[in-house]
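Since the structure comes first, as structure tokens, the remarks are kept for the end.
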Amino acid sequence: MKTITFSQATLEAMQEEMRRDNTVFVMGEDIAKQGGIFGQFKGLPEEFGHDRVRDTPISETAIVGAAVGAALAGTRPVADMHFADFIGVCMDEVFNQMAKIRYMFGGQTSVPMVLRAPDGLVRSAAAQHSQSVESWFLHIPGLKVVAPSNPADAKGLLKAAIRDDNPVLYFENKDLFRQSGEVPEDEDFLVPIGKANVVKEGKDVTIVSYSIMMKNAMETAEILAKDGIDAEVIDLRTISPIDREAILTSVSKTHRLLIAHEAVKIGGVGAEISAMVAEEAIDQLDAPIVRVGAKYTPVPFSPTLEAAYRPTTAEMVAGIKGMF
């Protein structure tokens, strides 16, 4: 194991996969000349050249369209969106092309590509550069969606996504890039897509979260422990497909459930998980399910309003205490 940042972990994943497979290449705005807006591509053009680390025009439609075509031609492109908010510009390429081509051609071809999308709140980036939009893609069959919460998962999930023969959206929270953590040095280290991680076992309540809100989930568990409430904490890691078994198994043990995410609460991943548990395990519940998410408004620019918009540990603690 070694201690590196989230950003360094994703860079190592790219380096290792590009060395392992010469069909892997990366494309996007400002990634060769600048090294990516968060430095997550620094050094790649020096090692792999500008044929495999390509700066593109400012056109998300062109970036994703070219990546889909390249994937169909036998390569494994990694396309960078700069900010997750910009995926809306190229939605036709995402949900009508990369998501559906393998199905429409009866499995005769595949679209092995990764769409990297930095998301989340960070220092007054305002309404068009701060959103968490992962739940959009939960609704689209044909896509896999991952959202790591720590450097080890960042590396393992990105490597797994690059090797996958299906299109994968890789959401990387901007505030996590500087977070450090232990990462295995094994170049074959992979985190399986579709498998949640029980970070902490407990018996009184299940907390399900992912990405940046895992920090709040662990803080919540620590606070609750002081009051004698033993929380089980699950890091979802994959948004689609959701690990149903992990969640249902935990709820059958704890009989209470809270889901938290930085994305807007209404229509979020928490809503889908709530419906799933209500349909399949409602008899296991001893209290109503609680969801914690952002307020139903565009992300404010004002630091004070942004803080009010952001979901908090205090909301999670209060929601769980209300179950008892």
Residue list, side-chain hydrogen bond (donor to acceptor under 3.5 Å, both in side chains) with E280, at least two apart or on another chain: R244
Aromatic plane relationship, H129 with F83 - under 30° parallel, 30 to 60° tilted, over 60° perpendicular: perpendicular
Nearest-0.5 Å distance that lies between atom CD in E262 and atom OH in Y210: 9.5 Å
Minimum-distance pair of heavy atoms, taken over all atoms of I289 and S274: CG2-OG, 3.4 Å
E29 vs D80 side-chain heavy atoms within contact, under 4.5 Å: no
Exercise: identify the closest heavy-atom pair between M27 and A66: CE-CB, 3.7 Å
N/O donor-acceptor pair under 3.5 Å between S250 side chain and A246 backbone: no
Qualifying residue for side-chain hydrogen bond (donor to acceptor under 3.5 Å, both in side chains) with T10, from K159, R116, K155, Q15: R116
Crowding at CD, E245 (>12 non-hydrogen neighbours, <6.0 Å): no
Stepwise salt bridge (Lys or Arg N to Asp or Glu O under 4.0 Å) check, D204 with R256: CA-CA 7 Å; D204 296 324; R256 294 174 179 85; 5.7 Å; no
Any L138 side-chain heavy atom under 4.5 Å of E272 side chain: yes
Set of residues satisfying side-chain hydrogen bond (donor to acceptor under 3.5 Å, both in side chains) with respect to K265, sequence neighbours excluded: none
D153 and R237 ion-paired at < 4.0 Å: yes
Expected output: side-chain N150 to main-chain A152 donor-acceptor under 3.5 Å: yes
Exam field: side chain D119 to backbone S132, donor-acceptor pair closer than 3.5 Å: no
In one Ile/Leu/Val/Met/Phe/Trp/Tyr side-chain cluster, 4.5 Å: Y170, I87: no
Within-4.5 Å side-chain heavy-atom neighbours: L72 and V111: yes
Any donor-acceptor N or O pair under 3.5 Å, side chains Q131, D85: yes
Donor on one side chain, acceptor on other, T75 and T23, under 3.5 Å: no
Closest approach of A221 to K200 (non-hydrogen atoms, all atoms of both residues): CB-CD, 4.1 Å
Single-linkage hydrophobic cluster, 4.5 Å side-chain cutoff, M81 and V114 together: no
Flag if over 12 foreign heavy atoms under 6.0 Å of CZ, F324: yes
Expected output: side-chain Q40 to main-chain F38 donor-acceptor under 3.5 Å: yes
Gap between atom CZ of R54 and atom OG1 of T56 - 0.5 Å precision: 11.0 Å
S124 to S302 - nearest heavy-atom pair and separation: OG-C, 4.4 Å
Donor-acceptor under 3.5 Å (T238 side chain, S240 main chain): no
Verify same cluster id: V198, V251 (apolar side-chain graph, 4.5 Å): yes
Backbone N/O of T5 and side chain of Q8: donor-acceptor pair under 3.5 Å: yes
I162 backbone acceptor or donor facing R76 side chain under 3.5 Å: yes
S209 side chain vs A260 backbone, donor-acceptor pair below 3.5 Å: yes
Side chain to side chain, D165 and R102, heavy atoms closer than 4.5 Å: yes
Cation-aromatic face contact R19/F48, 6.0 Å, 45 degrees: no
Beyond-backbone contact of V277 with I282, side-chain heavy atoms, under 4.5 angstrom: no
Heavy-atom closest pair, residues H261 and G270: NE2-N, 3.2 Å
Minimum heavy-atom distance K33-D55, with the two atoms named: N-OD2, 3.1 Å
Non-hydrogen side-chain atoms of P118 and H82 separated by less than 4.5 Å: no
Single-linkage hydrophobic cluster, 4.5 Å side-chain cutoff, V64 and V53 together: no
Residue pair I207 / M316, side-chain heavy-atom distance below 4.5 Å: yes
Aromatic plane relationship, F177 with F6 - under 30° parallel, 30 to 60° tilted, over 60° perpendicular: perpendicular
Ring centres under 6.0 angstrom apart (H139, F95): no
Side-chain donor/acceptor of E232 to backbone N/O of E201, under 3.5 Å: no
Option from I223, T313, V199 for which side chain to side chain contact (heavy atoms under 4.5 Å, CB included) with M218 holds: V199
Counterpart residues, salt bridge (Lys or Arg N to Asp or Glu O under 4.0 Å), relative to D188 (two or more places apart): R163
Short side-chain to backbone donor-acceptor contact, Q179 and D175, under 3.5 Å: no
Test side chain to side chain contact (heavy atoms under 4.5 Å, CB included) applied to F137 and M91, step by step: CA-CA 10 Å; F137 307 98; M91 278 298 283; 3.8 Å; yes
From CA spacing to verdict: salt bridge (Lys or Arg N to Asp or Glu O under 4.0 Å), E12, K2: CA-CA 12 Å; E12 281 197 0; K2 58 184 175 183; 2.6 Å; yes
Common cluster, L121/M213, ILVMFWY with side-chain heavy-atom separation under 4.5 Å: no
Full working for side-chain hydrogen bond (donor to acceptor under 3.5 Å, both in side chains) between S211 and S149: CA-CA 4 Å; S211 190; S149 68; over 6 Å; no
Neighbour count >12 (heavy atoms, 6.0 Å) for atom NZ, K100: yes
